[in-house]
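Notes to accompany the following structure.
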Amino acid sequence: MSEYDLVVRGGTVVNASDIVKADVGVKDGRIVALGEKLGAGAKEVDASGRLVMPGGVDSHCHIDQPSSTGGRNAETFETATRSAACGGTTSVICFAPQQKGVGLADGVAAYHERAKSACIDYSFHIVINDPNDAVVGEDLPKLIGEGHRSIKLFMTYASNRVDDGQILRILEVARRNQALVCVHAENHDAIMFMTEKLLAAGLNGTKYHSWCKPALVEREATYRMIALAELMDQPIQIFHVTCGEAAEEIRRAQQRGLKIYAETCPQYFVLTEKDLDRDAREGAKFLCSPAPRTEAEQEALWNYVKSGTLGNVTSDHAPYNIGDPDGKFWAGDNAPFSSIANGVPGLETRMPIVFHEGVVKGRLSLQEFVAVTSTNAAKLFGLHPQKGAIAVGADADIVVWDAEKKTVISQDILHHATDYTPYEGMEVTGWPAATIARGAVLWQDGEDMCEPGYGRFLAREPYDYIKPRGAFPTPFDPVAGTVAE
Ligand code: DUC
Ligand code: ZN
Ligand code: ZN
């Protein structure tokens with residue numbers, strides 16, 4: 001009988017902390033041995049000449065979810081997670097949104113049902129757009145207690161946005177119940193004002209999407225959100241940072257010891273506002289929020305990734321079909337930029353683009369690549385060391401990486417259900433040779449072996465990153481209602 005269920009043999013194991021040559025032995029879905037010349041596995045994956053890294057943890061993806069700006073999401077949990085696995089990702093955290101007219105608990109239960117077709121493990125951020133008494137007093141504490149340890153709020157989008165008073169209520173309930181608050185930070189009123197003015201001036205094209213929401217609307221909202229979090233002593237994560245000026249606010253807050261975390265996304269490394277300056281059919285492929293910026297901002301972002309201000313890189317996968325009347329153009333073929341569904345698909349291309357732009361171009365070490373694509377998100381969302389590490393006792397979530405393989409990204413080779421990729425024609429070096437999730441091989445040398453329903457819900461217990469600092473700006477604790485001695 002074989003000693004192991006699976007051995008990944010002969011590769012170079014890269015963790016966020018170090019690099020070693022080792023075989024990886026797997027039993028019952030977990031890593032049980034790391035070492036030289038391990039005994040036989042019932043199954044063996046040859047990793048010689050390849051990197052063996054923790055499977056990706058993509059902590060920001062919109063799957064089978066209604067859009068904030070109209071349009072039908074193009075993916076089911078099956079298609080999205082299949083595509084993620086083929087791109088080296090083994091866990092996703094997506095969104096269970098509060099839906100109008102449906103109690104929060106019922107809405108979340110409906111998402112658990114949909115997610116039953118997932119091919120890889122998953123967890124949820126609970127999206128709150130109406131923090132009423134029932135939600136903050138009853139539903140949310142219960143859901144957090146059941147392992148949904150992160151909340152998402154939007155500072156913009158008419159259908160989702162919460163105002164500063166509502167934000168404070170959400171921060172309060174998160175602090176009381178130990179959950180992280182994740183934020184889409186853009187100034188809603190400024191965006192609406194600019195949009196009205198642009199449309200009134202006849203400037204409707206996709207190019208003007210970036211004009212209605214310049215970097216300063218992101219910087220202002222980021223700064224405001226940090227201030228509100230500081231007032232409540234509540235850890236937060238700022239989602240999809242696109243520019244140096246917002247990242248700088250985050251850096252300053254971190255330097256003062258505040259628990260402010262932040263991510264960026266591959267689209268902000270490789271797309272710019274020039275991609276929006278095309279006819280609507282083409283421009284819509286790149287239309288996402290916040291808007292893609294400039295090449296100078298791309299370089300600025302890398303510096304903040306390198307220094308750790310921006311700790312993880314997520315896909316913000318938000319797929320809307322170009323050719324579907326309910327997709328990007330749900331409001332009609334001639335819709336202005338303000339009525340085109342926001343978002344780009346990217347679960348499958350996230351790791352290859354970060355590897356190419358980061359490691360191949362000399363901006364990141366291999367360990368930093370692992371940190372920003374896997375380990376840091378696992379830590380930030382309470383999944384580490386079960387996820388995000390090649391270590392004895394961890395889940396056997398592994399990507400075997402071919403660092404030499406050149407691939408031209410194109411719609412033909414991807415496994416998502418979206419009808420385009422914004423990265424069509426981009427050549428990258430580095431692609432997953434095999435993806436293994438809890439010991440099962442899901443993808444190997446071009447063959448997809450994903451099984452719908454294999455993925456499991458990841459309930460999350462309280463953990464260090466979401467513990468408050470224990471310091472308010474005044475002696476008054478607004479959560480407990482007490483005054484410090
Ligand atoms: N912006 C969002 O806020 N969410 C999904 C996609 C997008 O572009
Ligand atoms: Zn967002
Ligand atoms: Zn998003």
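Both ligands and their constituent atoms are indexed starting at 1 by order of listing.
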**Study point:** Proximal ligand 1 atoms for Ala318, defined as those under 4.0 Å from one of its heavy atoms
**Key:** 5 (C), 6 (C)
Practice item. Can you establish whether the number of heavy atoms outside Tyr223 located under 6.0 Å from its atom OH is more than 12? Key: no
Check your understanding: Taking Arg293 for the side chain and Tyr268 for the main chain, is one N or O donor matched with an acceptor at less than 3.5 Å?
Key -> no
Exercise for review: In plain terms, say whether Arg175 and Glu172 are close enough for a salt bridge, that is, a side-chain N and a carboxylate O under 4.0 Å apart.
Suggested key: no
**Study point:** Identity and distance of the protein heavy atom lying nearest atom 4 (N) of ligand 1
**Key:** His62 NE2, 3.6 Å
Practice item. Decide whether a cation-pi geometry holds between Lys152 and Phe154; the criteria are a distance under 6.0 Å from NZ or CZ to the six-membered ring centre and an angle within 45° of the ring axis. Key: yes
Study note, to complete from the structure: Among non-hydrogen protein atoms, atom 8 (O) of ligand 1 lies closest to Ser289 N, 2.7 Å
Check your understanding: Identify the closest protein heavy atom to atom 2 (C) of ligand 1: which residue and atom is it, and at what distance?
Key -> Tyr157 OH, 3.3 Å
Practice item. Examine the proximity of ligand 1 to Val344 and report which part, side chain or backbone, both or neither, has a heavy atom under 4.0 Å away. Key: neither
Point to revise | Atom indices of ligand 1 within 4.0 angstrom of His184 heavy atoms, with elements | key: 2 (C), 3 (O)
Check your understanding: How open is the angle at the Zn ion (ligand 2) from atom ND1 of His184 over to atom NE2 of His240, rounded to 10 degrees?
Key -> 90°
Review point. Distance under 6.0 Å and angle within 45° of the ring axis: does Arg438 meet both against Tyr454?
Key: yes
Check your understanding: Is there a donor-acceptor contact under 3.5 Å linking the side chains of Glu75 and Thr418?
Key -> yes
**Study point:** Three-point angle His60:NE2, the Zn ion (ligand 3), His62:NE2, rounded to the nearest 10°
**Key:** 110°
Exercise for review: May I ask you to decide if the ring planes of His240 and His184 are parallel, tilted or perpendicular, using 30° and 60° as cut-offs?
Suggested key: perpendicular
Check your understanding: If you check every N/O/S atom of Asp316, which is the one nearest the Zn ion (ligand 3)?
Key -> OD1
Practice item. Please identify which atoms of ligand 1 are closer than 4.0 Å to at least one heavy atom of Cys288. Key: 8 (O)
Exercise for review: Report yes or no: does a heavy atom of Phe239 sit under 4.0 Å from some atom of ligand 1?
Suggested key: no
Practice item. Would you check if there is a donor-acceptor pair between the side chains of His188 and Thr156 at a distance under 3.5 Å? Key: yes
